[in-house]
**Student:** 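Starting off with a structure, shown below.
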Amino acid sequence: MSNKARRWVTLMVCAAWMLGFDLCPAKGADQAPLTLVKDGKSAHKIVIPDTPTAQEKLAGEELAKYLKQISGAELAGKSESTGPKIVVIQAKDGKGPGDINFTKEEAEYDAFVIKTDGQNLYLVGSNKRAVLYAVYTFLEKYLDCRWLTFGERLQTEEEKKTGAFREQIEEYVPASRTITLPAIDDRQKASLKYRGFIAAAWFGNTPMANVDWAIKNKLNYFMIQTEGYVEAKGWHNAVVKGGMIPRGFILIAGNHSFYYFLNPDKYFKDHPDWFAMIGGKRVPGGRTKGQFCLSNPEAVKIFRENFIAMAKKHPEVDIFGPGPNDEYFWCECELCAKDRIMWKERPGENQPAPQDLYTAFANQLNEDVQKLYPGQGKRFAINAYQCYTQPPAKVKPLAGAFISYAFFTRNWFTVPWGNAKGEVAPGPYPIQSHTDNNKRFFQLHTDNVKQWIELTKPSGGDVTLYEYYCGRSAWEKVGFYLMSLISDELAYFQKIGITGCAVQAQWPERKTVPANLYVFAKNCWDTSLSTDAILDDYTKARFGKAAEPMLKYLHEAERNSREFNKYFAYGKKDQRDKSLEDCQKYLDEAKALADTDQAKKNLADEEANFRELKAWQLSKGGANQ
């Protein structure tokens with residue numbers, strides 16, 4: 001990135017009311033440019049409270065680390081100091097130093113302030129993780145640092161013998177022996193309240209590098225399937241206790257988890273009546289292929305006892321939400337089937353829409369959570385997925401419900417569900433049997449989401465999206481380029497009242513269109529940012545002199561992904577082949593310009609993904625040859 005594009009700044013902060021000296025910002029203070037570092041030396045000290053939170057301590061350490069990396073200057077963290085200061089602090093009950101205050105809503109949306117005053121700089125968060133956002137945003141926006149992808153595992157020859165490894169995210173950190181800034185008064189809050197990852201609980205899928213990248217790009221929660229969260233103890237100690245909790249992430253333990261609390265291996269032999277009746281026969285189910293019988297009081301009792309025991313052991317969890325097992329297979333016994341309505345999305349499949357039965361059961365579990373943790377702000381998540389995306393007709397979720405809505409069918413489309421201006425009519429739908437139903441799918445799910453919002457918002461609930469933009473599981477194990485689609489849809493979600501979004505984005509996908517992840521994080525924080533602006537910044541930081549052809553490549557690769565790909569390739573053959581040729585042309589131009597080892601490596605990763613996408617597409621042929 002050119003020096004002209006860099007915005008160098010010097011900042012000093014004030015944290016005062018918690019400390020034993022006056023650091024509050026003075027009204028009308030001189031706002032002349034500040035020199036934070038000159039010729040590799042600084043008179044400033046980083047100030048944190050006497051008894052800092054884990055997040056304040058980490059924020060101070062991270063600020064010192066990057067300032068040293070940029071300039072060579074040592075600015076150690078201290079609880080007391082004279083002279084100019086950079087104060088890193090979390091507001092208490094909405095009250096920050098001086099006139100820096102936050103409303104309850106701002107705290108819910110992770111607001112922070114970056115502000116200079118005289119010779120001091122304030123980096124003030126409205127809540128525990130927001131103080132980290134203040135530090136990382138200062139480093140990114142004013143000192144030009146970037147955190148681009150999850151990165152790599154690093155191993156020495158000795159570590160390879162033992163299987164040990166270290167993790168490093170891919171970052172861009174400039175170098176300057178002098179750092180000078182203008183006056184700053186920067187107040188930000190997120191567009192979406194919840195911004196996160198659906199994580200898998202083992203080192204190979206969600207290592208520390210994932211967590212580190214997420215906090216630096218202002219994501220704020222991880223949804224983790226219950227069994228992995230509880231049973232992957234080594235991972236839990238290293239990544240949850242060692243990474244997520246010190247960074248202040250919201251933790252959700254749940255997802256597809258019925259089987260964990262009513263394990264068929266343990267209970268089915270002696271209690272087959274506790275499990276789903278399918279086609280006149282009780283089936284054990286498990287992670288898939290069967291729920292349990294929610295109308296059986298003994299089964300519900302044992303489930304609740306097992307759930308309460310787990311919840312007691314994990315007070316660090318913010319939102320509990322054991323949901324139905326993956327796939328369908330709901331119980332067809334007389335009691336479960338009573339007054340059942342059918343699934344509107346696919347009437348030909350004769351599937352039930354069991355959300356009333358499930359919501360009534362979820363309400364019982366929610367009551368258990370509130371009794372166990374009264375007044376502690378714990379919440380309960382209800383999954384809305386496949387045939388139970390359809391809202392309940394009679395049963396209303398309890399106050400504060402957290403709805404995780406997964407429009408899985410949406411992955412058959414490569415057009416956006418909507419954008420900031422409103423709904424977008426889908427284009428041609430590649431599956432012949434559904435050609436006339438494409439718009440119906442979008443409208444049906446828009447109606448579903450709006451009904452869920454009406455059911456939950458008045459009582460303090462939230463509706464969030466469970467998305468598949470970045471995970472290969474829903475995209476034929478091929479990396480599709482969906483950057484502008486992601487931007488459009490996140491703006492649309494905010495417009496219709498959705499308050500959050502999480503994506504499947506695990507370690508194996510770190511090389512699968514990392515631009516998708518980068519755009520997702522940036523637009524979750526600010527839905528008004530344009531895809532073009534985000535990608536222009538991204539390509540300059542990641543590819544250096546090869547940025548211009550790589551920006552062209554990303555745009556053409558997305559056009560190719562959206563017009564000529566998906567579960568079926570449906571573009572015309574000559575147009576498809578021309579698009580593939582253009583993609584390769586831009587990659588070749590970029591390779592000729594790349595002048596650093598990192599840029600060359602990044603290009604090799606992109607080209608590897610393109611080869612997979614191209615091979616898959618050519619293997620499918622075309623629907624309109």
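Excluded from the calculations below are hydrogen atoms, water molecules and symmetry mates; all remaining heavy atoms, backbone and side chain alike, are included. This one's a predicted model, so the numbers in the text were calculated from it and none came from an experiment.
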**Student:** Taking only distance into account, with no hydrogens and no angle test, what donor-acceptor pairs under 3.5 Å do side-chain atoms of residues 520-527 form with protein atoms, sequence neighbours excluded?
**Tutor:**
| residue | atom | partner | partner atom | Å |
| --- | --- | --- | --- | --- |
| K522 | NZ | E140 | OE1 | 3.4 |
| K522 | NZ | E140 | OE2 | 2.6 |
| K522 | NZ | N217 | OD1 | 3.1 |
| N523 | OD1 | S487 | OG | 2.5 |
| N523 | ND2 | D526 | O | 3.2 |
| N523 | ND2 | L529 | O | 3.0 |
| W525 | NE1 | Q188 | OE1 | 2.9 |
| D526 | OD1 | S528 | N | 3.0 |
| D526 | OD1 | S528 | OG | 2.6 |
| D526 | OD2 | S528 | OG | 3.4 |
| T527 | OG1 | Q494 | OE1 | 2.5 |

**Student:** Please say whether the positively charged group of K218, taken as NZ for Lys or CZ for Arg, lies over the ring of Y133, i.e. under 6.0 angstrom from the six-membered ring centre and within 45 degrees of the axis.
**Tutor:**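 No, a cation-pi geometry is absent between K218 and Y133.
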**Student:** May I ask you to decide if K193's main-chain N or O and R195's side chain share a donor-acceptor pair within less than 3.5 Å?
**Tutor:**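 Pair found, side chain donor or acceptor close to backbone of K193.
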**Student:** Between D588 and K591, is there a salt bridge with N-O shorter than 4.0 Å?
**Tutor:**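 Here K591 pairs with D588 in a salt bridge, since their nearest N and O are under 4.0 Å apart.
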**Student:** Which residues pass the side chain to side chain contact (heavy atoms under 4.5 Å, CB included) test with A43, not counting sequence neighbours?
**Tutor:**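 Side chain to side chain contact (heavy atoms under 4.5 Å, CB included) list for A43, sorted by chain: P84.
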**Student:** May I ask you to say whether R576 pairs ionically with D574, meaning some side-chain N is under 4.0 Å from a carboxylate O?
**Tutor:**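 Not counted as a salt bridge, because no side-chain N and carboxylate O are separated by less than 4.0 Å.
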**Student:** Should W417 and L465 count as side-chain neighbours, where that means a heavy-atom distance under 4.5 Å?
**Tutor:**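 A side-chain contact under 4.5 Å exists here.
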**Student:** Evaluate the side-chain proximity of F480 to L485: yes if any heavy-atom separation is below 4.5 Å, no if none is.
**Tutor:**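 They are not in contact (no side-chain heavy atoms under 4.5 Å apart), so the answer is no.
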**Student:** Can you list the residues that meet the salt bridge (Lys or Arg N to Asp or Glu O under 4.0 Å) rule with K41, with sequence neighbours excluded?
**Tutor:**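 Partners of K41 by the salt bridge (Lys or Arg N to Asp or Glu O under 4.0 Å) criterion come out as none, since no residue qualifies.
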**Student:** Roughly how far apart are I252 CD1 and S404 OG, rounded to 0.5 Å?
**Tutor:**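 Nearest 0.5 Å value for the CD1-OG distance: 7.0 Å.
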**Student:** Under the criterion side-chain contact (heavy atoms from CB on, under 4.5 Å), which of L123, V47, T116 is the partner of I86?
**Tutor:**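 For I86, the side-chain contact (heavy atoms from CB on, under 4.5 Å) check succeeds only for L123.
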**Student:** Is any side-chain heavy atom of E171 closer than 4.5 Å to one of Q69?
**Tutor:**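 A side-chain contact exists here, since the closest heavy-atom pair is under 4.5 Å.
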**Student:** Flag the pair N602 / P514 as yes when at least one side-chain heavy-atom distance between them is below 4.5 Å, and no otherwise.
**Tutor:**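 No - every pair of side-chain heavy atoms lies 4.5 Å or more apart.
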**Student:** Nearest 0.5 Å please: distance from the CD1 atom of I486 over to the SG atom of C470.
**Tutor:**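 If I round to the nearest 0.5 Å, the distance is 5.0 Å.
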**Student:** I need the minimum non-hydrogen distance between C145 and I70, along with the two atoms involved.
**Tutor:**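 Result for this residue pair: SG-CD1, 3.8 Å.
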**Student:** Go through the structure and list residues passing salt bridge (Lys or Arg N to Asp or Glu O under 4.0 Å) with R559, not counting sequence neighbours.
**Tutor:**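 Salt bridge (Lys or Arg N to Asp or Glu O under 4.0 Å) check on R559 returns E556, E563.
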**Student:** Is any side-chain heavy atom of M483 closer than 4.5 Å to a side-chain heavy atom of V513?
**Tutor:**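 Yes, close enough: below the 4.5 Å cut-off.
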**Student:** Looking at OH of Y194 and OG1 of T464, how far apart are the two atoms once the value is rounded to the nearest 0.5 Å?
**Tutor:**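 Spacing of OH (Y194) from OG1 (T464) equals 8.5 Å.
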**Student:** Nearest 0.5 Å, please: how far is CD1 in I245 from CG in L251?
**Tutor:**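 With rounding to 0.5 Å, CG (L251) is 5.5 Å from CD1 (I245).
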**Student:** Strictly by modelled atom types, are Y481 and E606 linked by a side-chain donor-acceptor pair under 3.5 Å?
**Tutor:**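 Note: Y481 and E606 side chains meet the donor-acceptor criterion.
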**Student:** Would you please name every residue forming a salt bridge (Lys or Arg N to Asp or Glu O under 4.0 Å) with E62, sequence neighbours left out?
**Tutor:**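 Scan of E62 (salt bridge (Lys or Arg N to Asp or Glu O under 4.0 Å), adjacent residues dropped) gives K65, K216.
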**Student:** Quick one: list whatever passes ring-ring contact (aromatic ring centres under 6.0 Å, His included) with F102, sequence neighbours left out.
**Tutor:**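 Applying ring-ring contact (aromatic ring centres under 6.0 Å, His included) to F102 gives none.
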**Student:** Do you know which of Y136, Y518, W213, Y538 makes ring-ring contact (aromatic ring centres under 6.0 Å, His included) with W147?
**Tutor:**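 By the ring-ring contact (aromatic ring centres under 6.0 Å, His included) criterion, W147 pairs with just one of Y136, Y518, W213, Y538: Y136.
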**Student:** Going through the checks in order, is the side-chain contact (heavy atoms from CB on, under 4.5 Å) test met by L517 and Y469?
**Tutor:** CA-CA 8 Å; L517 283 168; Y469 301 131; over 6 Å; no
**Student:** May I ask you to decide if Q575's main-chain N or O and S579's side chain share a donor-acceptor pair within less than 3.5 Å?
**Tutor:**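 No; zero donor-acceptor contacts below 3.5 Å.
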**Student:** side-chain contact (heavy atoms from CB on, under 4.5 Å), that's the test. Do V131 and V124 meet it? Break it down for me.
**Tutor:** CA-CA 6 Å; V131 69; V124 186; over 6 Å; no
**Student:** Between atom CG of L587 and atom NZ of K585, what is the distance when rounded to the nearest 0.5 Å?
**Tutor:**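 Rounded to the nearest 0.5 Å, the CG-NZ separation comes out at 11.5 Å.
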**Student:** If you round to the nearest 0.5 Å, how far is CZ of F493 from CG of D488?
**Tutor:**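 D488 atom CG to F493 atom CZ measures 10.5 Å (nearest 0.5 Å).
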**Student:** Suppose we screen for side chain to side chain contact (heavy atoms under 4.5 Å, CB included). Which residues come up paired with S71, at least two apart in sequence or across chains?
**Tutor:**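 Result, side chain to side chain contact (heavy atoms under 4.5 Å, CB included) vs S71: V37, A73, I179.
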**Student:** Would K495 and N419 satisfy side-chain contact (heavy atoms from CB on, under 4.5 Å), going step by step from the backbone distance to the final call?
**Tutor:** CA-CA 8 Å; K495 181 179 179 64; N419 60 25; over 6 Å; no
**Student:** Just to verify, what does K552 make a side chain to side chain contact (heavy atoms under 4.5 Å, CB included) with, not counting sequence neighbours?
**Tutor:**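 K552: side chain to side chain contact (heavy atoms under 4.5 Å, CB included) contacts with E548, Y586.
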**Student:** Using a strict cut-off of less than 4.0 Å between a Lys/Arg side-chain nitrogen and an Asp/Glu carboxylate oxygen, indicate whether D582 and K578 qualify as a salt bridge.
**Tutor:**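 Salt bridge between D582 and K578, a charged N being under 4.0 Å from a carboxylate O: yes.
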**Student:** So, using side chain to side chain contact (heavy atoms under 4.5 Å, CB included) as the criterion, who are the partners of T53 when residues are at least two apart?
**Tutor:**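 Listed in chain order: Q55, E56, Q90, K92.
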**Student:** Under the rule for ring-ring contact (aromatic ring centres under 6.0 Å, His included), what residues qualify as partners of F222, not counting sequence neighbours?
**Tutor:**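 Partners of F222 by the ring-ring contact (aromatic ring centres under 6.0 Å, His included) criterion, ordered by chain and then number, come out as F197, F249.
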**Student:** Is the backbone N or O of A111 less than 3.5 Å from a side-chain atom of S126, with the two atoms forming a donor-acceptor pair by type?
**Tutor:**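 Yes.
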**Student:** Any heavy-atom pair between the side chains of V211 and V239 that's under 4.5 Å?
**Tutor:**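 Result yes, sub-4.5 Å side-chain heavy-atom pair found.
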**Student:** Only pairs at least two apart or in different chains count here, so list each salt bridge (charged side-chain N to carboxylate O under 4.0 Å, His left out) that has a residue in residues 121-132.
**Tutor:**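 For residues 121-132: D110-R129.
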**Student:** Answer yes or no: does atom CG of D597 have more than 12 heavy-atom neighbours from other residues, nucleotides or ligands under 6.0 Å?
**Tutor:**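 No, CG of D597 has 12 or fewer neighbouring heavy atoms, counting only those of other groups under 6.0 Å.
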**Student:** If you define the side chain from C-beta out and look only at heavy atoms, does anything of L34 sit under 4.5 Å from Q119?
**Tutor:**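 The answer is yes, as the side chains (C-beta and beyond) meet within the 4.5 Å cut-off.
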**Student:** Strictly distance-based, threshold 3.5 Å: is any side-chain N or O of D536 a donor or acceptor partner for the main-chain N or O of L551?
**Tutor:**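 Here the side-chain-to-backbone pair does not exist.
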**Student:** Would you say the side-chain atoms of T206 pair up with the backbone N or O of A200, donor to acceptor, closer than 3.5 Å?
**Tutor:**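 Looks like yes, one N/O pair under 3.5 Å.
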**Student:** Find out whether V503 and N516 are in side-chain contact, i.e. whether some heavy atom of one side chain is under 4.5 Å from a heavy atom of the other.
**Tutor:**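 They are not in contact (no side-chain heavy atoms under 4.5 Å apart), so the answer is no.
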**Student:** D186: what forms a salt bridge (Lys or Arg N to Asp or Glu O under 4.0 Å) with it, not counting sequence neighbours?
**Tutor:**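 Once residues adjacent in sequence are excluded, the partners of D186 under the salt bridge (Lys or Arg N to Asp or Glu O under 4.0 Å) criterion are K141.
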